[in-house]
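A short write-up of the structure that comes next.
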Amino acid sequence: MSQTRRGDFVYADPPYFPLTATASFTSYTKEDFGPEEHRELAALFAEAARRGVRLMLSNSDMPFIRGLYRGFKINTVQARRAINCDGTKRGAINELIVLAEGD
């Protein structure tokens with residue numbers, strides 16, 4: 001994000017913040033993407049927004065994530081999940097879309 005300029009568009013799709021203690025997918029690589037990394041991403045998001053970058057980020061609908069992006073436009077969307085060890089828990093869940101529209 002440090003190389004973005006006014007008018008650029010960035011879509012960020014980080015590992016989602018876990019909905020439960022057992023929902024532990026937190027990285028795409030061997031390094032974890034935990035609360036501190038989410039805080040760092042939110043700071044980068046805010047800095048890019050101040051420079052006029054247009055941004056969109058998706059994440060789980062959790063109070064922690066809502067708090068990190070307060071002040072930005074936050075939309076709630078329904079996303080379908082087809083994978084769960086408990087078949088009754090498959091289906092639509094709330095996710096967040098965070099927007100910074102630039103200048």
Side-chain angles (χ1 to χ4, degrees):
M1 287 223 208
S2 65
Q3 297 178 13
T4 57
R5 296 176 293 172
R6 179 177 309 282
D8 286 350
F9 173 75
V10 174
Y11 169 61
D13 184 27
Y16 283 18
F17 195 75
L19 295 173
T20 66
T22 59
S24 59
F25 177 77
T26 59
S27 66
Y28 292 111
T29 65
K30 65 182 178 175
E31 291 83 20
D32 281 342
F33 200 91
E36 188 54 37
E37 288 76 20
H38 280 284
R39 287 183 192 96
E40 289 175 27
L41 178 58
L44 291 169
F45 189 95
E47 175 57 31
R50 282 191 287 277
R51 291 195 317 272
V53 177
R54 294 173 297 137
L55 301 150
M56 179 172 25
L57 176 136
S58 56
N59 213 310
S60 53
D61 188 358
M62 296 293 290
F64 175 74
I65 298 299
R66 284 182 174 275
L68 291 178
Y69 295 96
R70 68 181 167 272
F72 292 102
K73 183 175 182 180
I74 298 176
N75 295 309
T76 304
V77 297
Q78 291 283 301
R80 292 196 43 80
R81 293 291 176 257
I83 299 173
N84 192 310
C85 63
D86 180 349
T88 64
K89 294 183 180 176
R90 296 176 190 153
I93 62 164
N94 285 346
E95 288 188 359
L96 300 180
I97 302 294
V98 181
L99 300 170
E101 298 179 9
D103 294 6

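Excluded from the calculations below are hydrogen atoms, water molecules and symmetry mates; all remaining heavy atoms, backbone and side chain alike, are included.
- We find the CD-CG distance between E40 and L44 to be 7.5 Å, quoted to the nearest 0.5 Å.
- Cluster membership check: L68 shares its hydrophobic cluster with I74, using side-chain heavy-atom separations under 4.5 Å among Ile, Leu, Val, Met, Phe, Trp and Tyr.
- With rounding to the nearest 0.5 Å, the separation of CG in N94 from CD in Q78 is 4.5 Å.
- Rounded to the nearest 0.5 Å, atoms CZ (R66) and OG1 (T76) are 4.0 Å apart.
- Summarising the geometry, atom CD1 belonging to I97 is positioned 8.0 Å from atom CG belonging to L57; distances are rounded to the nearest 0.5 Å.
- Residues A100 and A49 share a closest heavy-atom pair of CB-CB, 3.8 Å.
- In the hydrophobic cluster analysis, where Ile, Leu, Val, Met, Phe, Trp and Tyr join through side-chain heavy atoms closer than 4.5 angstrom, I65 is grouped together with L41.
- Considering all non-hydrogen atoms of both residues, V53 and R5 come closest at CG2-O, 3.5 Å.
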field: Check against side-chain contact (heavy atoms from CB on, under 4.5 Å), H38 and Y69
entry: CA-CA 10 Å; H38 280 284; Y69 295 96; 5.7 Å; no
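- No donor-acceptor pair under 3.5 Å is formed between the side chain of S60 and the backbone N or O of P18.
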Verdict with reasoning, E37 to D32, per side-chain contact (heavy atoms from CB on, under 4.5 Å): CA-CA 8 Å; E37 288 76 20; D32 281 342; 5.6 Å; no
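- For the residue pair M1 and A48, the shortest heavy atom distance occurs at SD-CB, 4.0 Å.
- The line from CZ of R6 to CZ of R50 is 12.5 Å long, rounded to the nearest 0.5 Å.
- Linking ILVMFWY side-chain heavy atoms closer than 4.5 Å, directly or via other members, places F72 and V77 in two distinct hydrophobic clusters.
- For the pair P14 and F33, the tightest heavy-atom approach, listed with the atom from each and the gap, is CB-CE2, 3.9 Å.
- R54 places no side-chain N or O within donor-acceptor distance of the main-chain N or O of E101, the cut-off being under 3.5 Å.
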message: Please evaluate residues Y16 and L96 with respect to the criterion side-chain contact (heavy atoms from CB on, under 4.5 Å), reporting the C-alpha separation (whole Å), side-chain torsions for both, the decisive distance (0.1 Å), and the verdict.
response: CA-CA 10 Å; Y16 283 18; L96 300 180; over 6 Å; no
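- In plain terms, the two heavy atoms of P15 and N59 that are nearest each other are O-ND2, 4.2 Å.
- F9 and F45 are not part of a single hydrophobic cluster, where members link through side-chain heavy atoms under 4.5 Å apart.
- How far CG of D61 is from CZ of F17: 12.5 Å, rounded to the nearest 0.5 Å.
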